[in-house]
Every structure is written in C-alpha cells, then in structure tokens.
Amino acid sequence: MTSPVLVAVAWPYASGSRHLGHLAGAYLPSDIFARQQRIIGNEVLMVSGSDVHGTPITVRADEEGVAPQDIVDRYHNEFLSQWDQLGISWDLYTTTGTPNHSHVTQQMFLAQLGSGHIDRRKSEQLFDLEVSRFLPDRYVEGTCPHCGSNEARGDQCDNCGKTYDATELINPKSKMSSSTPVLRETEHFYFRYSDFNESLKSFLNSKEGWRNHVINFAIGWLRDEGLIDRAITRDLDWGIELPVEDLGDGKRIYVWYDAVIGYLSASKEWAEREGDPDRWKHWWYNDEARHVYFIGKDNIPFHALFWPAQLMAVGEQMDGQPLHLPDDIPANQYVTFKGGKASASRGVGMTIEEGLEHFQADALRYALAANFPEQADTEISYDEIVRRVNEELVANWGNLVNRVLSMTHKTCGGYVAEPGEITEEDASLLAFIDRSLEESAELFEAVELRAALRKGMEAAQEANRYLNATEPWKISKTDLARAKTVLYVALSAINGIRVMLSPFLPFSSEKLDDLLGRPNGWVRVPLTVGLPISKPTPLFTKIET
RNA sequence: GGCGGCGUAGCUCAGUUGGUUAGAGCGCUCGACUCAUAAUCGGGAGGUCGACAGUUCAAAUCUGUCCGCCGCUACCA
C-alpha cells in the first residue's frame with residue numbers, strides 16, 4: 001500500500017549562512033522522515049529551495065555594492081554544497097527566482113484577484129528620500145512614543161515592548177541612510193486573510209495529532225481579532241512582477257506571499273523535469289495524499305494560517321479542483337546555544353559550515369537528531385555533540401558493528417557461516433529487533449523522530465547484551481558451530497538495526513549496504529550465507545577533544 | 001503590556017486521559033568481561049518534579065498567585 005507524501009520543507013532565506021538550529025529545525029528532520037517514507041514504499045516528493053526575495057537581501061546587496069542576485073547566488077551555492085555534504089535527499093531543491101515560480105505565483109494571484117480575495121488599498125508609508133526607498137518598519141528607528149527609549153524600532157520598542165504604527169515614532173530615522181523619512185502615499189494589493197477566519201478555524205479544529213505548540217499557537221492567533229488583511233506587494237524592484245498593470249511601475253509581489261507558493265511551484269518544476277508535466281497533480285489534487293510541512297516554530301503562522309488561506313482562496317479556479325491543504329505541520333522549536341565555543345564570532349551558535357568542519361555528516365546528523373527540539377527548545381553545544389557521538393553513536397552502534405564483523409571475519413573464516421540450531425535466546429533477540437522496527441515505524445508516522453532514533457539505539461544495546469550473554473569469543477574455542485550461529489544471529493540483528501538507523505545515518509548505512517546488500521523495505525532481511533566479510537574498518541571515528 | 005511555551009537526577013531530555021516505591025541516555029561509583037574504536041554487560045548512589053497556596057481518597061500531572069528563562073506580538077521571513 002503506497003501513498004503520495006509531500007515532504008514540504010521551509011525555504012532557507014538566501015540572505016546569509018544558515019546555522020545548526022535551522023538544520024535541526026527543518027532540513028534534517030524532513031530528510032530523515034522522507035528517507036523513512038521512501039523505504040516503507042510511499043511515493044515521496046520532497047521539495048524546497050532558496051527564498052531569494054525580500055528586503056534584507058536588497059539591503060545586504062546595497063551594503064556590499066553588489067546586485068541582489070550576487071547575494072542570492074553566493075548563499076544558494078553554499079546551501080547546495082551543504083545539502084550535498086549532509087546527504088539531504090531532495091527530489092528538487094530550487095529557488096523562488098525561477099520563471100516557473102514567477103508564473104505559478106502570478107497564476108495564483110490572478111485566481112485570487114478574480115475571486116475577490118485580493119483588493120487594492122492606499123496607505124501612507126515612511127519613505128527615505130536619500131535612498132529613494134519605502135522603509136519596512138524594521139529599517140526605521142527613533143524614540144518610543146510610550147517610554148521614550150531612543151532605540152525603538154519602527155514597529156515595536158525593544159525597551160518597553162509596546163507595538164505601534166511606524167508613523168507614531170518620534171524623530172524617526174532611516175537605518176539605511178540616517179536621514180529623516182517622510183510620509184508618502186502608496187497603493188498596494190492586499191490579500192484578504194480576514195475572509196478566511198472561519199474556514200481556518202474549522203480547518204484547524206479538524207486536525208488531530210498536531211503538536212501542542214503548533215495548534216495552540218495557530219488557534220491563539222485566530223482567537224483574538226482573527227487574521228488581518230495584509231499588503232502582498234511592495235515598492236521594490238526586487239521581486240516577482242505583478243501580472244496586472246493597475247499599480248504602475250515599481251511594484252512587486254512581496255516575499256512572504258510568494259515564498260510559500262514555492263511548495264506548489266517546485267512540485268510543478270519537478271514534474272516538468274521528470275518529463276511528466278502533470279505528475280504534480282498526484283500530490284496536489286489527491287485526497288489520498290499526505291502533505292507534511294517541516295518548519296521552525298517561527299514559521300507557524302505562515303504555514304498553519306497564511307498558506308492554507310492562500311490555497312483556499314484559489315478554490316477550484318486553477319484546474320477545477322481544490323489544492324490539497326496541509327495535513328501536518330510538525331514544527332520544531334529552537335535549538336539554543338549558551339556561551340561556550342558554539343560560535344566563533346558572538347557565541348550565538350554554530351553555522352552549518354562550522355558543524356561540517358568539526359564533524360562527519362552522519363555524526364552531526366546523529367547528534368542533532370538525538371536532540372531535535374520536538375517538544376521544547378533544546379540546549380545544544382559542541383560538547384554535547386561530541387558526547388552524543390562518542391558515548392552513544394560510536395560506543396553503542398559503531399562498536400557493535402565493529403565487534404561483530406571482526407569476530408565474524410576471524411571466527412567464521414571471512415564469510416557469513418551457515419547457522420546451526422536457533423535457540424530461544426537467539427530467537428528472542430531477533431524478535432526484539434523486529435518489534436523495534438515496528439515500533440520505530442509507528443514513531444515515524446507520528447513524526448517523533450527522536451524517539452524513533454532511540455528505538456534503534458535500544459535495539460543496538462540489546463544486541464550488545466546478547467553478545468555479552470552468549471560470549472561467542474569464548475565458545476568459539478569449545479563449540480565452533482555454536483559460536484558461528486551466535487555470530488550469524490548477531491549479524492542478523494545488525495541487518496535489522498541498520499534499516500532502523502538508515503534514515504538518520506545515510507552515509508554509514510550505505511557502507512553497510514555495500515557489505516550486507518540493500519535492504520528491502522522496513523524489515524530485517526535474512527542474511528545471505530556465504531557473504532564475504534573482510535576485516536572491518538570502523539563506521540565512525542571518535543572525536544578527539 | 002498581551003499571547004504562548006518552558007522550569008523534572010551533575011548534563012541533555014521523556015513523563016499518555018491525575019493513581020502502586022518519578023523514568024531514559026550520558027556522567028559518577030562498584031563489579032564482570034576482554035571479541036570490539038579503554039568499547040560492552042550487570043549492580044549502585046543521585047531528584048522535597050521552580051516557589052507557595054488550593055481542589056482531590058490521590059498531583060510532576062488540574063486551579064490560582066509568585067519567581068526565573070525564552071519565543072511571538074502581524075513590514076524578518
């Protein structure tokens with residue numbers, strides 16, 4: 001029984017390097033989930049890409065005196081290289097800068113405009129005369145109208161925490177030029193999010209099994225005054241062009257309206273590249289499909305509220321069918337770093353690049369997965385990663401593989417021996433492994449990846465116990481046949497455990513695939529008698545501190 | 001300020017709808033073993049579950065207040 005699963009992953013913003021928090025929050029859990037779903041036979045489509053629009057990129061480009069595209073290219077390439085090093089198994093990793101993405105965005109815009117969920121409104125915004133640019137709130141600072149602090153941002157005062165309209169700020173200054181901004185009228189398209197308050201409420205209420213913090217946060221946002229309509233265009237020249245001329249030049253669709261559309265546009269791009277242009281419909285016009293969005297908690301409003309509203313607003317106007325809404329949004333909380341050597345610069349954390357400098361990809365994946373912030377913010381540090389790798393991954397799993405392969409190599413003459421009679425003890429271990437596989441699969445369904453990883457490690461521990469109890473190194477001297485059977489059983493256990501761990505540890509798992517053969521589904525496949533086992537090299541190396 | 005979350009063994013975290021002596025991994029300690037990357041296996045010590053008050057036959061779990069930390073507060077996405 002296979003079913004289509006869309007693994008939708010937050011789009012990294014191409015304005016700077018991403019850190020381990022982003023990796024643990026979205027990219028790694030999505031990859032682990034996707035790999036497991038593929039093994040159990042589901043039709044996985046895993047898409048994401050670099051988010052290339054938005055004000056921070058243009059500001060950064062100005063600061064460096066380069067084009068926005070240069071910034072985008074730099075970080076997009078950095079991301080691509082890191083995904084490769086980390087083994088993130090995208091079906092497509094694209095960008096929001098493609099003609100396809102523009103086209104799909106414009107299509108959706110037109111559909112929503114046609115159905116009356118987008119309208120035009122005029123407003124007054126602060127404008128920087130020196131750089132000739134309208135200023136987003138965060139680029140204005142001045143004196144707080146409430147507490148008098150001089151370090152208030154345009155929309156909120158960090159000192160007293162109050163929010164207000166940027167036009168209320170006393171002595172506003174542009175952060176781009178330090179000049180005093182002026183008010184200027186501008187006209188924009190607004191998305192009528194408020195049209196969907198009721199629909200979103202029933203959408204959210206129909207969801208079961210969502211993580212508490214996700215559903216609480218989304219419903220809480222709706223409960224008070226509900227969603228308010230938001231401008232989805234800006235006075236910019238960096239962004240997707242409008243498909244209508246109404247507002248004149250210099251207006252673009254703004255990033256947070258178009259970025260989420262990437263899930264759909266990337267699905268279409270993938271289908272196009274596959275040579276089967278309608279294939280995306282298998283995921284988007286299919287009630288049987290399951291759409292799982294992997295994001296950090298800061299992204300919850302966009303994925304639990306804005307994006308579903310945008311999808312609902314399209315209705316059946318694009319192909320006569322409604323687009324599939326999110327089924328689960330297992331947003332992770334934050335990975336936190338405190339002091340220590342976590343950051344080279346300011347102690348704020350470790351970038352993905354730094355993580356890869358210090359650790360093997362599988363080691364980093366293991367340590368982060370063991371600490372995924374699935375329920376609450378989770379503290380991590382360099383020392384914690386080292387501890388996870390040395391004391392758990394290497395000592396328990398790496399060592400198990402190594403000791404069994406070494407003994408098999410030595411005791412059984414370099415190949416997998418024919419087992420003798422299987423005792424109750426042997427059968428009991430294998431039953432434990434098989435049960436762990438089943439339990440692990442259930443945890444994957446619930447996207448409880450940390451617990452699923454623990455299942456695999458518990459299984460490895462059980463195999464270590466079995467070896468200590470059966471002592472094959474000892475009985476090989478008195479009963480070689482029995483020793484060979486024990487090693488056969490132990491290696492069989494490993495053959496099951498590696499399946500459970502493979503979504504987490506793709507690189508070392510591939511080494512085992514080469515040795516033991518490719519696994520076939522989420523099960524322990526019987527070992528092939530006669531398989532050559534040479535002197536093993538360790539799967540992982542300890543980290544020297 | 002408002003909303004949400006968190007505060008459980010030295011460390012990182014689990015604790016389902018309130019119910020027997022509060023759990024795991026790691027660390028520590030004692031012991032076993034020696035095939036294995038000084039790895040493994042067994043035993044043990046270690047917590048008044050942030051504080052106080054309340055509801056209940058019974059609370060880490062529900063209610064209230066307080067303390068501490070964090071996030072969000074809609075133009076960062």
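Each chain gets a letter, A, B and so on, in the order its sequence line appears, and its residues count up from 1. A quick note: this is a predicted structure, and the numbers were derived from the prediction, not measured. The analysis underlying the following values was restricted to heavy atoms, covering all of them including side chains, and did not include hydrogens, waters or symmetry mates.
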Whichever of A/Arg403 and A/Arg387 has the more 5' nearest nucleotide on RNA chain B, that residue is A/Arg387

| said: When you measure from the side-chain N and O atoms of A/Asn216 to the phosphate of B/G5, is any distance below 4.0 Å, counting only OP1 and OP2? | reply: yes

Of the candidates B/C13, B/U37, B/A74, the side chain of A/Arg230 sits closest to B/A74

Quick note, A/Gln375 side chain, CB onward, closest among B/G15, B/U40, B/A36 is B/G15

Exercise. Output yes when a side-chain donor or acceptor of A/Arg230 lies under 3.5 Å from a complementary backbone atom of A/Leu227, and no otherwise.
Key: no

Next item on the list: State, without any angle test, whether A/Arg211 and A/Asn332 hold a side-chain donor-acceptor pair at a distance under 3.5 Å.
Entry: yes

With a 4.0 Å cutoff (strictly under), does any side-chain N or O of A/Lys474 reach OP1 or OP2 of B/C33? no

Compute whether any side-chain donor of one residue and acceptor of the other, for A/Asp426 and A/Thr423, lie under 3.5 angstrom apart.
yes

Which of B/C26, B/U37, B/A36 is nearest the side chain of A/Glu391? It is B/C26

Is the side chain of A/Glu374 donor-acceptor paired with the backbone N or O of A/Arg450 at a distance under 3.5 Å, no angle test?
-> yes

From the candidates B/C41, B/U12, B/A74, the one with an atom nearest any side-chain atom of A/Phe306 is B/A74

Query - Side-chain donor/acceptor contact of A/Trp473 with base of B/A36 under 3.5 Å - result: no

Of A/Glu374 and A/Asn396, the one whose nearest nucleotide on RNA chain B sits closer to the 5' end is A/Glu374

Re B/U55: Watson-Crick or G-U wobble partner, both distances kept under 3.5 Å, found to be none

So that I know where these two stand, are A/Phe504 and A/Tyr366 an aromatic pair - ring centroids less than 6.0 Å apart?
no

- Query: Less than 3.5 Å between a donor and an acceptor, one on the side chain of A/Gln125 and one on the base of B/C75, is that the case here?
  - Reply: yes

Side-chain contact check for A/Asp377: nearest option of B/U37, B/U12, B/C70 is B/C70

From the candidates B/C26, B/G71, B/U40, the one with an atom nearest any side-chain atom of A/Tyr334 is B/G71

**Message:** Is A/Lys297 close enough to B/C70 that one of its side-chain N or O atoms is under 4.0 Å from OP1 or OP2 there?
**Reply:** no

Notebook entry, point to check: Under 3.5 Å, is there an N or O donor on one side and an acceptor on the other linking the side chain of A/Asn468 and the base of B/U40?
Noted result: yes

